[in-house]
Amino acid sequence: MTQKNTPLSPGLSAPAPLSRLPLHPDDVTQRVLSAAQLRARGVSAAQTSAQCLPGGPWQHLLPSVYLLHPGPPTGQERLHGALLYAGRPPVSARRAPAEPSDAGYGEAMVTGIAALALYGFATAGDLGALHRIDVLVPRTRRLRSTRFVEVLRTASMPNAVRVGGVPVAPVERALADAVAGADDAADVRRLLTEAVRDGHCEPAAVVRELSEAKLLGRAAVVGAVDALLAEGRTVAEARLYTMVREHGLPEPVWNVELRQPGGPGLGGVDAYWPDQAVAVELDTRAPRYGVPGRRGRTEEDPQWSAYAAKREHLERLGITVVHLTPRKLREAVDQQATVVRTALMAAADREPAAYVMVLPR
């Protein structure tokens with residue numbers, strides 16, 4: 001006589017092989033499993049279907065992805081399920097048995113608003129409240145968006161960052177994907193400003209990603225980029241002030257215009273030490289890119305040309321110009337303080353600089 005499969009009640013112990021499932025309530029990877037992971041644990045497709053019958057202890061969360069309890073999924077369970085769905089191997093590769101310990105994510109990674117929520121963006125909100133989870137996969141994958149999962153394909157997969165064990169797109173890429181799905185200019189502005197203000201990334205990297213995604217011309221993005229660059233300058237200036245004071249450098253005059261007596265202006269600098277004729281200039285220019293759609297091409301930047309001409313003119317007058325970027329101040333502030341200190345100490349060995357007037361900017 002054929003034994004009939006019946007769904008198991010949550011309070012009853014399961015017969016083999018279901019009893020061998022390591023269902024740890026604190027481990028989301030054991031509460032959400034793919035069909036391949038269940039097979040690797042000895043659970044047949046018929047047993048899985050029986051468990052998911054109405055009133056049963058399991059649920060069919062996504063295609064070939066199962067939630068091993070009857071309650072509503074948490075934000076982390078939905079996230080894990082989305083990665084399992086997007087990371088499942090192509091049909092041609094599914095015959096290979098999955099390892100029970102395999103996370104099952106493949107090349108898939110979280111991006112967009114869900115990724116920003118994992119990074120801790122206040123603007124992104126709580127992960128559990130998101131109606132959609134964006135998942136990035138290679139262009140060659142033939143997956144459809146379904147339920148709460150939005151599948152985004154790309155020809156150039158970035159290197160994933162692990163956040164709490166979850167593969168996540170780098171902040172700049174996640175921002176670009178979030179902006180691509182946003183129509184409200186205020187929301188875009190808040191996202192980009194928070195990214196820079198809270199030190200998640202530098203403006204130049206964000207603008208680069210927005211350019212690659214062909215988003216710079218969108219109405220919701222144009223004004224937000226201006227706000228992003230302004231916020232980036234404010235943050236960089238604050239880091240420069242902190243570097244000077246915390247590393248015991250002499251106090252400069254801040255944010256001044258240099259001018260030759262009776263001559264033309266020489267341009268503004270962010271910090272200047274008159275006695276040593278040393279100037280610091282922050283490079284917070286907006287990046288410029290080439291012909292839309294042609295990756296990797298750049299065009300001549302008039303801002304850079306003007307900056308280079310100004311620097312060359314100042315150095316002909318005997319003024320040392322130290323060029324700092326926001327990224328250097330964020331990632332290597334000790335090294336940058338040493339560069340400035342070395343320039344100040346070397347002043348004693350140089351010929352005296354030409355006299356210049358120092359005016360408020």
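Note that the coordinates shown come from a computational prediction; the quantities given were computed from them, not determined experimentally.
- Note on ring orientation: taking the six-membered ring where Trp is involved, the planes of Y105 and H80 are perpendicular (angle over 60°, cut-offs 30° and 60°).
- Under a 4.0 Å N-O distance rule, the pair R208/E212 does not qualify as a salt bridge.
- Residues V188 and V222 are members of separate hydrophobic clusters, defined by side-chain heavy-atom contacts under 4.5 angstrom among Ile, Leu, Val, Met, Phe, Trp and Tyr.
- Connectivity analysis of hydrophobic side chains (ILVMFWY, heavy atoms under 4.5 Å, direct or indirect) links L152 to M109, L136, M157.
- Taking a cutoff of 4.0 Å between a charged side-chain nitrogen and a carboxylate oxygen, R132 and D134 qualify as a salt bridge.
- Note that the CH2 atom of W58 and the CG atom of L67 stand 10.5 Å from one another [nearest 0.5 Å].
- Side-chain contact between E281 and L324: absent, with no pair of heavy atoms (C-beta onward) separated by less than 4.5 Å.
- Other residues, nucleotides and ligands place more than 12 heavy atoms under 6.0 Å from the CG atom of D184.
- For S211 against L216, the heavy-atom pair with the smallest separation is CB-CD1, 3.6 Å.
- Atom OG1 of residue T48 and atom CZ of residue R41 lie 11.5 Å apart, to the nearest 0.5 angstrom.
- Using a 4.5 Å heavy-atom cutoff, the side chains of Q59 and C52 are not in contact.
- Taking CG of D275 as the start and CH2 of W273 as the end, the distance is 12.0 Å to the nearest 0.5 Å.
- Nearest approach of Q37 to V32, heavy atoms of both residues: OE1-O, 4.3 Å.
- Judged purely by atom type and a 3.5 angstrom limit, K328 has no side-chain atom pairing as donor or acceptor with the backbone of Q335.
- A salt bridge between E202 and R330 is present, with a side-chain N of the basic residue lying under 4.0 Å from a carboxylate O of the acidic one.
- A salt bridge links R245 with E251: at least one charged nitrogen is closer than 4.0 Å to a carboxylate oxygen.
- Within the 4.5 Å cutoff, no side-chain heavy atoms of T193 are placed close to those of L228.
- At least one side-chain heavy atom of R218 sits less than 4.5 Å from a side-chain heavy atom of L215.
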ring-ring contact (aromatic ring centres under 6.0 Å, His included) between H131 and F148, worked out: CA-CA 6 Å; H131 299 296; F148 55 86; over 10 Å; no

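- Of the inter-residue distances, the one linking E315 atom CD with I319 atom CD1 reads 9.5 Å to the nearest 0.5 angstrom.
- L229 places none of its side-chain heavy atoms less than 4.5 Å from the side chain of R233.
- Within 6.0 Å of the CZ atom in R147, the count of heavy atoms belonging to other residues, nucleotides or ligands exceeds 12.
- The side-chain heavy atoms of L344 and P250, taken from C-beta on, include a pair separated by under 4.5 Å.
- Between the side chain of H247 and the backbone N or O of M243 there is at least one donor-acceptor pair closer than 3.5 Å.
- The CD atom of E107 sits 13.0 Å away from atom CG of L83, with the distance rounded to the nearest 0.5 Å.
- The backbone N or O of R88 sits less than 3.5 Å from a side-chain atom of R141, completing a donor-acceptor pair.
- In terms of heavy atoms, G265 sits closest to R259 at N-NH1, 3.4 Å.
- When all heavy atoms are compared, the tightest approach of A82 to V135 is CB-CG2, 3.9 Å.
- Exactly one of T111, L118, L116 qualifies for a side-chain contact (heavy atoms from CB on, under 4.5 Å) with V168. That residue is L118.
- The two residues T146 and P63 make their nearest non-hydrogen contact at CG2-CD, 4.0 Å.
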Test side-chain contact (heavy atoms from CB on, under 4.5 Å) applied to L317 and Q260, step by step: CA-CA 10 Å; L317 295 172; Q260 286 185 284; 3.5 Å; yes

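- Remark: R316 CZ is packed, more than 12 non-hydrogen atoms of other residues, nucleotides or ligands lying under 6.0 Å away.
- A heavy-atom distance below 4.5 Å is found between the side chains of W254 and Y241.
- Between L62 and L84 the shortest side-chain heavy-atom distance does not fall below 4.5 Å.
- In this structure, F121 and H200 have parallel ring planes: the angle between them is below the 30° cut-off, well short of the 60° mark.
- Here the closest heavy-atom approach between residue E172 and residue C201 is recorded as OE2-CB, 3.3 Å.
- In this structure, V244 is not a member of the same hydrophobic cluster as M345, with clusters built from ILVMFWY side-chain heavy atoms closer than 4.5 Å.
- A salt bridge does not link D27 with R31: none of the charged nitrogens is closer than 4.0 Å to a carboxylate oxygen.
- When only modelled atom types and interatomic distance are considered, T123 and E194 share a side-chain donor-acceptor pair under 3.5 Å.
- Looking only at atom types and distance, the side chain of S156 has no donor-acceptor partner in the side chain of R139 under 3.5 Å away.
- A donor and an acceptor atom, one from each side chain of E77 and H69, are located under 3.5 Å apart.
- Considering CG of L175 and CG of L210, their distance stands at 7.5 Å, rounded to 0.5 Å.
- The same ILVMFWY cluster, assembled from side-chain heavy atoms under 4.5 Å apart, contains both V163 and V171.
- Within a 6.0 Å radius of CZ in R153, other residues, nucleotides and ligands contribute more than 12 heavy atoms.
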Residues Q51, V43; criterion side-chain contact (heavy atoms from CB on, under 4.5 Å); working and verdict: CA-CA 11 Å; Q51 295 293 93; V43 183; over 6 Å; no

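- A salt bridge links R361 with D270: at least one charged nitrogen is closer than 4.0 Å to a carboxylate oxygen.
- Placement of L359 and L314 in two distinct hydrophobic clusters is found when ILVMFWY residues are connected by side-chain heavy-atom separations under 4.5 Å, directly or transitively.
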Worked check of side-chain contact (heavy atoms from CB on, under 4.5 Å) between Y66 and L61: CA-CA 5 Å; Y66 300 90; L61 183 64; over 6 Å; no

Chi angles and distances behind the side-chain contact (heavy atoms from CB on, under 4.5 Å) call for Y272, V280: CA-CA 6 Å; Y272 186 61; V280 165; over 6 Å; no

